Amino acid sequence: MGCCTSFSATSTSMRLDPGRHVNFTTGMVLGAEEYQQEHTYLAERNKRAMREAHGYGTLAGLEVTLENDGEKGPLLRVTAGSAAGPSGQLICVGREQCGGLNQWLATDEVTATLNAMSVDAGDATTLRFPIWLVLCYRDCAIAPVPVPGEPCRSDEELMVPSRIADDYTLSFAFDPPAQIEADAIAKFNAWMNGIIVTDTDGVGSTDLPLMVGQATDQLDAVFPSMNIDAEPVVPGTLDPLALAPQIASEFFATMKRLWITRWRPRVMAMACNTLGGDADDCVMLARVDLAAVRATTTWQVANLIDEEEDEIIGIDARLDQTERPLLLASNMGQTPAGIALSDSGFEQELTLIGADGSTDVSNGFVIIVGDDPITLGIPTPAEANRGHKLIVRLASAPGSTLTAAASVAIAGSEDDFDMTELAEVHLRSDGSDNWAIIRTIARGGN
């Protein structure tokens with residue numbers, strides 16, 4: 001479902017100032033711009049309240065299911081519901097929607113992409129890759145009305161839309177939405193989960209300022225300053241922190257304060273002084289790991305075959321919603337059940353590495369630090385880590401290299417992966433022999 005005209009209220013509001021509202025006074029001459037400015041101020045204020053106080057993600061409904069519908073083939077079905085985009089814009093899906101995977105794979109653009117992937121994989125007739133179901137906000141200009149003007153105008157100039165309707169698009173994509181803040185929260189939680197609280201003699205430190213300082217250095221490496229001229233931070237220790245019980249409460253309270261005041265501003269989707277909205281105001285609803293086979297001139301989802309019985313037993317596609325951003329309503333979050341639900345149940349790890357070696361982290365974050373480039377070996381894709389996402393960030397140590405075991409590919413190539421121009425790379429295990437690259441972030445943040 002998309003916009004019904006090319007007119008966009010979102011693009012119009014970007015020329016207006018969301019930080020100003022009209023000072024209506026008796027005798028003031030009012031034009032369209034004054035009303036547009038007032039609307040922009042109120043609309044942007046509502047969005048800012050949502051994104052800064054609550055974040056973004058699914059609010060209610062939007063349940064995603066994968067089913068095989070006979071002749072139509074594999075379908076993703078999405079129930080009615082609502083979500084908040086990264087800008088804070090509310091998105092309402094008013095009725096159930098569904099989309100056919102085979103129909104999407106058969107489109108010209110997708111077929112061309114898969115043909116290119118096949119060539120890169122040595123003319124493979126079966127491809128494994130992830131796709132994402134993405135919900136985006138759009139607006140729609142409707143209800144045209146006649147307007148006065150000069151004579152001899154075209155029919156298009158005689159009429160203008162009189163209303164702007166909230167709208168949305170649901171689509172499959174090879175690339176996930178950015179979700180920078182959602183990824184940052186996952187990193188912060190993974191780092192916090194690595195902290196050890198113990199009263200064993202000689203293990204848990206009782207020096208609160210020292211522990212806060214070490215934590216700040218580590219998290220400054222994980223969430224670097226937005227100032228591109230700032231020197232990269234190399235923490236004095238890369239090991240998980242160990243606290244004595246008597247300082248744990250104050251330590252965690254300090255971390256919560258620093259998350260709000262120091263690190264969250266570095267990863268927010270939009271700052272409070274940002275003008276206008278993001279053109280890609282989207283949230284991820286699900287990931288589908290699938291296998292596609294060549295079918296004459298197009299591609300379609302592969303079937304699962306029982307080799308002993310030589311019969312089809314299903315489709316080779318897996319639905320995964322573990323990384324989907326969710327917003328738990330405050331009335332639920334204030335209950336004991338809500339507190340228990342705050343644990344995502346999605347186990348991720350975060351480790352800091354400063355020397356050549358390898359990591360066994362396949363589902364989480366590896367932060368590379370140091371003055372010199374390092375070579376990092378990454379795990380072998382296997383059935384046990386199918387769909388796992390590994391994020392490698394160069395907090396420093398520019399020019400580092402990722403390597404994989406023999407017969408394992410990175411981005412479909414047997415070569416090592418050079419991060420000379422990159423600050424971060426996101427990889428996805430296909431469960432077999434390849435780490436697919438789903439996102440790269442260049443040095444400087446693009």
Side-chain angles (χ1 to χ4, degrees), residues 1-2 64 66 68 72-76 78 97-136 138 168-179 279-304 315-321 323-324 381 386-391 402 404 408-415 417-418 421-422 424-442 446:
M1 181 175 182
V64 181
L66 175 63
N68 196 356
K72 295 180 180 179
L75 296 177
L76 278 188
V78 183
Q97 304 289 321
C98 64
L101 289 173
N102 283 341
Q103 290 84 342
W104 179 73
L105 291 173
T107 60
D108 291 342
E109 183 179 358
V110 173
T111 298
T113 299
L114 296 181
N115 287 342
M117 291 170 58
S118 172
V119 171
D120 291 340
D123 290 328
T125 57
T126 300
L127 297 172
R128 291 188 176 276
F129 54 91
I131 63 171
W132 284 263
L133 178 64
V134 180
L135 173 66
C136 302
R138 296 290 184 265
Y168 65 90
T169 59
L170 266 171
S171 58
F172 300 121
F174 285 107
D175 300 311
Q179 295 193 169
D280 187 25
D281 204 8
C282 304
V283 291
M284 186 261 283
L285 299 187
R287 187 187 82 242
V288 183
D289 297 311
L290 58 82
V293 294
R294 192 186 298 277
T296 61
T297 59
T298 62
W299 296 79
Q300 65 182 23
V301 178
N303 290 318
L304 290 174
I315 54 174
D316 198 346
R318 298 186 182 190
L319 182 65
D320 191 313
Q321 300 179 65
E323 297 173 63
R324 174 179 182 171
R386 179 189 295 274
H388 284 194
K389 183 170 77 170
L390 173 62
I391 297 179
L402 305 184
V408 172
I410 302 177
S413 170
E414 296 293 338
D415 297 332
F417 186 74
D418 185 359
E421 302 298 327
L422 301 178
E424 188 167 296
V425 60
H426 297 210
L427 305 105
R428 179 79 62 185
S429 166
D430 71 352
S432 177
D433 57 6
N434 182 54
W435 282 98
I437 294 180
I438 57 176
R439 175 179 292 123
T440 60
I441 300 177
N446 296 321

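By convention here, the first residue in the shown sequence is residue 1. Just so you know, these numbers come straight off a predicted model, no measurement behind them.
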Interatomic distance, [X] atom [atom1] to [Y] atom [atom2] [nearest 0.5 angstrom]:
| X | Y | atom1 | atom2 | answer |
| --- | --- | --- | --- | --- |
| Ser171 | Leu135 | OG | CG | 8.5 Å |
| Leu402 | Asp418 | CG | CG | 9.0 Å |
| Trp104 | Gln300 | CH2 | CD | 14.5 Å |
| His426 | Gln179 | NE2 | CD | 10.5 Å |
| Leu105 | Thr298 | CG | OG1 | 8.0 Å |

Residues 285-297 side chain polar contacts: donor-acceptor under 3.5 Å, at least two apart:
| unit_1 | atom_1 | unit_2 | atom_2 | d |
| --- | --- | --- | --- | --- |
| Arg287 | NE | Asp289 | OD1 | 3.0 |
| Arg287 | NE | Asp289 | OD2 | 3.2 |
| Arg287 | NH1 | Glu323 | OE2 | 3.2 |
| Arg287 | NH2 | Asp289 | OD2 | 2.7 |
| Arg287 | NH2 | Asp320 | OD2 | 3.3 |
| Arg287 | NH2 | Gly387 | O | 3.1 |
| Arg294 | NH1 | Asn115 | OD1 | 3.3 |
| Arg294 | NH2 | Ser118 | OG | 2.9 |

With a 4.5 Å cut-off on side-chain heavy atoms, are [Y] and [X] touching?
| X | Y | result |
| --- | --- | --- |
| Met284 | Cys282 | no |
| Asn434 | Ser432 | no |
| Phe174 | Thr113 | yes |
| Thr111 | Thr107 | no |
| Asn303 | Ile315 | yes |
| Tyr168 | Gln97 | yes |
| Ile438 | Trp132 | yes |
| Leu75 | Leu101 | no |

Can you give me the closest heavy-atom contact between [X] and [Y], atom names plus distance?
| X | Y | value |
| --- | --- | --- |
| Val64 | Leu319 | O-CD2, 3.4 Å |
| Gly99 | Phe172 | O-CZ, 3.9 Å |
| Val425 | Thr440 | CG2-CG2, 4.0 Å |
| Ala411 | Ile437 | CB-CD1, 3.7 Å |

List the atom pairs, with distances to 0.1 Å, where a side-chain N or O of residues 119-131 and a protein N or O form a donor-acceptor pair under 3.5 Å, not counting sequence neighbours.
| unit_1 | atom_1 | unit_2 | atom_2 | d |
| --- | --- | --- | --- | --- |
| Arg128 | NH1 | Asp316 | OD1 | 3.4 |
| Arg128 | NH1 | Asp316 | OD2 | 3.3 |
| Arg128 | NH2 | Asp316 | OD2 | 2.9 |

Walk me through whether Leu422 and Ile441 qualify under side chain to side chain contact (heavy atoms under 4.5 Å, CB included).
CA-CA 6 Å; Leu422 301 178; Ile441 300 177; over 6 Å; no

Qualifying salt bridge (Lys or Arg N to Asp or Glu O under 4.0 Å) pairs with a residue from residues 430-441, counting only residues at least two apart or across chains
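Pairs touching residues 430-441 that pass the test: none.
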
